[in-house]
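Here the structure comes first, spelled out in C-alpha cells, and everything after it is commentary.
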Number of protein chains: 2
Amino acid sequence: MNTTINYLELLKNNQLKVTPQRSVILEQINKFGHIDIDTLYMYVKKQFPNISLATLYKNINAMLEKTILKEVKIAGIKTKYELTKAQHIHTICNKCGAVEDLFIDTNTISEQIKSETNFIADECDMNFFGVCKNCQ
Amino acid sequence: MNTTINYLELLKNNQLKVTPQRSVILEQINKFGHIDIDTLYMYVKKQFPNISLATLYKNINAMLEKTILKEVKIAGIKTKYELTKAQHIHTICNKCGAVEDLFIDTNTISEQIKSETNFIADECDMNFFGVCKNCQ
DNA sequence: CTGGGTGCAAAGTATTTGCATGAAC
DNA sequence: GTTCATGCAAATACTTTGCACCCAG
C-alpha cells in the first residue's frame, strides 16, 4: 500500500551524492508525509545519533533547490517538508492537527484567475482548515 | 478609492487598548496590503523612532489572536501580515514579487472536499505563483 | 584521487520573555 | 487607581556558515 520510492535514483538524478544520511532523511519524510525539522531530526537521530542539525538543514536546503522536496508553510504551525509529488492540496484539522494530501484539480481556478486578471499561474499552494472526518 | 478603516473601533471592539503605536501599525499594514515584520518596523519607526521590535511583535501577536490580523505564509518568502478581510486568495509574481489579493469564490472547492473526503473546511489559504500582468 | 558531505562550533537571524516605567481607561 | 502597553535588555529559538576530516564516485 505504500508507494516504493527509489531514493537512490532520486538523488542521483539530481546530481546529489547518495549518502546514508540522505536516504534516511528521505525515508522519514516519506513515512510522515509532512514533517517539521525538529521531528525529523529526532527520527533521523535514531539511525544517526551523531547527525547534526546543520547537516539536516544543509540537506533539506539542497533538496529544496533540486525540488526533490517542497516547503509546506501553513499559518499557525511550524514549516513542514514533503516529497515533491503531483499537484495536490492540504487539509489541516483544527482539532487533531493532521495534515493530509488531497489530489484535486486546481487548473480550473488557475484559468479563472487568468481570465479575470491576466495573472498566469503555473503553480499553487492550497490549505484548507477545518475538522477532519475522524474528529467530527 | 482607499477603504477608510476605523482603527480605533477595530481595537476597541477587540478589547485592545488604543495606543498611537497600534494605530500606526494598522495604518502601515493597511497601506502596504501585505508586509513583513522588518519592513513594517522600518516604516513604523519613521513615526516612532523609539519603538522596539519586541513591541511590534507583541502587538502583531495580540492582533493575530484577536484575528484583526492574519499571517500570510508563502513558500520562499518572509512571512507577511495583512488586515483580516473578506475571504480572498493571493497571487505572487515570480518576477516582481508582488503579492495581490483576489476575491474569488472558494466555497465550491470546500464543498468538493467535503463530498470527497468528509473534511469540513471552514477556512482556506490559497496562493498562486506565476507571472503578473505587468511582468509578462 | 577529488569533490562534495558530515559534524562540530560559532555566528547570524528571528522571536519571545521579564521587568521597570508610563499611558489608557 | 488599576490594568495593560511600551521599551529595553536578555534569553530563547531558528538557521546558516566555516572549517577540518571523511566518504562517494
Side-chain angles (χ1 to χ4, degrees), chain A residues 6-29 35-66 68-81, chain B residues 6-29 35-66 68-81:
Chain A
N6 193 334
Y7 304 121
L8 223 124
E9 288 302 319
L10 194 55
L11 290 168
K12 272 193 200 161
N13 294 341
N14 286 281
Q15 297 80 47
L16 292 176
K17 283 188 179 170
V18 177
T19 67
Q21 287 88 337
R22 286 182 174 163
S23 299
V24 172
I25 291 170
L26 287 171
E27 216 171 76
Q28 293 300 316
I29 295 178
I35 190 169
D36 66 81
I37 200 90
D38 294 324
T39 313
L40 180 57
Y41 186 47
M42 209 175 91
Y43 280 88
V44 174
K45 260 179 120 65
K46 288 184 181 175
Q47 292 176 69
F48 285 93
N50 294 325
I51 200 174
S52 71
L53 242 192
T55 298
L56 191 49
Y57 272 111
K58 282 174 196 165
N59 279 321
I60 293 281
N61 287 334
M63 297 190 221
L64 283 174
E65 256 171 43
K66 299 292 190 181
I68 294 174
L69 296 183
K70 211 169 162 309
E71 230 185 346
V72 182
K73 284 191 170 188
I74 297 175
I77 66 174
K78 274 198 76 165
T79 296
K80 295 181 182 241
Y81 302 95
Chain B
N6 194 335
Y7 304 119
L8 223 124
E9 288 302 319
L10 194 54
L11 291 168
K12 272 192 202 163
N13 293 341
N14 286 281
Q15 297 80 46
L16 292 176
K17 284 187 180 171
V18 177
T19 67
Q21 285 89 338
R22 287 182 174 164
S23 300
V24 171
I25 291 170
L26 287 171
E27 214 171 79
Q28 293 299 317
I29 295 178
I35 190 169
D36 66 82
I37 200 89
D38 294 324
T39 313
L40 180 57
Y41 186 48
M42 208 175 91
Y43 280 88
V44 173
K45 260 179 120 64
K46 289 185 180 175
Q47 292 175 70
F48 286 93
N50 294 325
I51 200 174
S52 71
L53 242 193
T55 298
L56 192 48
Y57 273 111
K58 283 174 196 164
N59 279 321
I60 293 282
N61 287 334
M63 297 190 221
L64 283 173
E65 257 171 41
K66 299 292 189 179
I68 293 174
L69 296 183
K70 210 168 164 309
E71 232 184 344
V72 182
K73 284 191 168 187
I74 298 175
I77 67 173
K78 272 199 77 163
T79 297
K80 295 182 183 238
Y81 302 94

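Per chain, numbering begins at 1; letters A, B, ... match sequence-line order. Predicted model only: the values in this text are computed from it and were never measured.
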Taking only side-chain N and O atoms of [X], does any of them lie within less than 4.0 angstrom of OP1 or OP2 on [N]?
X	N	value
A/Asn59	C/dG5	no
B/Ser52	D/dA9	no
A/Asn50	C/dT6	no
B/Thr19	D/dC4	no
B/Gln21	C/dA23	no

Quick one: does any side-chain atom of [X] pair with a main-chain N or O of [Y] as donor and acceptor, under 3.5 Å?
X	Y	answer
B/Arg22	B/Asn59	no
A/Gln15	A/Asn13	yes
A/Asn14	A/Leu16	no
B/Lys73	B/Thr79	no

So what does [X] hit on the nucleic acid, given a heavy-atom distance under 4.0 Å: a base, only sugar-phosphate, or nothing?
X	answer
B/Lys78	sugar-phosphate
B/Thr55	base
B/Pro49	nothing

| task | Could you pick out which residue, B/Lys17 or B/Ala54, lies toward the 5' side of DNA chain C when each is mapped onto its nearest nucleotide? | result | B/Ala54

What's the [atom1]-[atom2] distance between [X] and [N], to the nearest Å?
X	N	atom1	atom2	value
A/Leu53	C/dC8	CG	C1'	12 Å
A/Tyr41	D/dA13	OH	P	15 Å
A/Leu11	D/dG25	CG	C1'	14 Å
A/Ile51	C/dC8	CD1	C1'	13 Å
B/Lys80	C/dA14	NZ	C1'	17 Å
A/Tyr57	C/dT13	OH	P	15 Å
B/Asn61	C/dA14	CG	C1'	12 Å
B/Ile60	D/dT6	CD1	C1'	15 Å

| field | Nucleotide of D/dT6, D/dT15, C/dG5 approaching A/Ile37 most closely (side-chain heavy atoms) | value | D/dT15

| message | Looking at the base of C/dG4, is there any donor atom on it, or on the side chain of A/Lys58, that sits under 3.5 Å from an acceptor on the other one? | response | no

| Should the heavy atoms of other residues, nucleotides or ligands under 6.0 Å from CD of A/Glu65 be counted, would the total exceed 12? | no

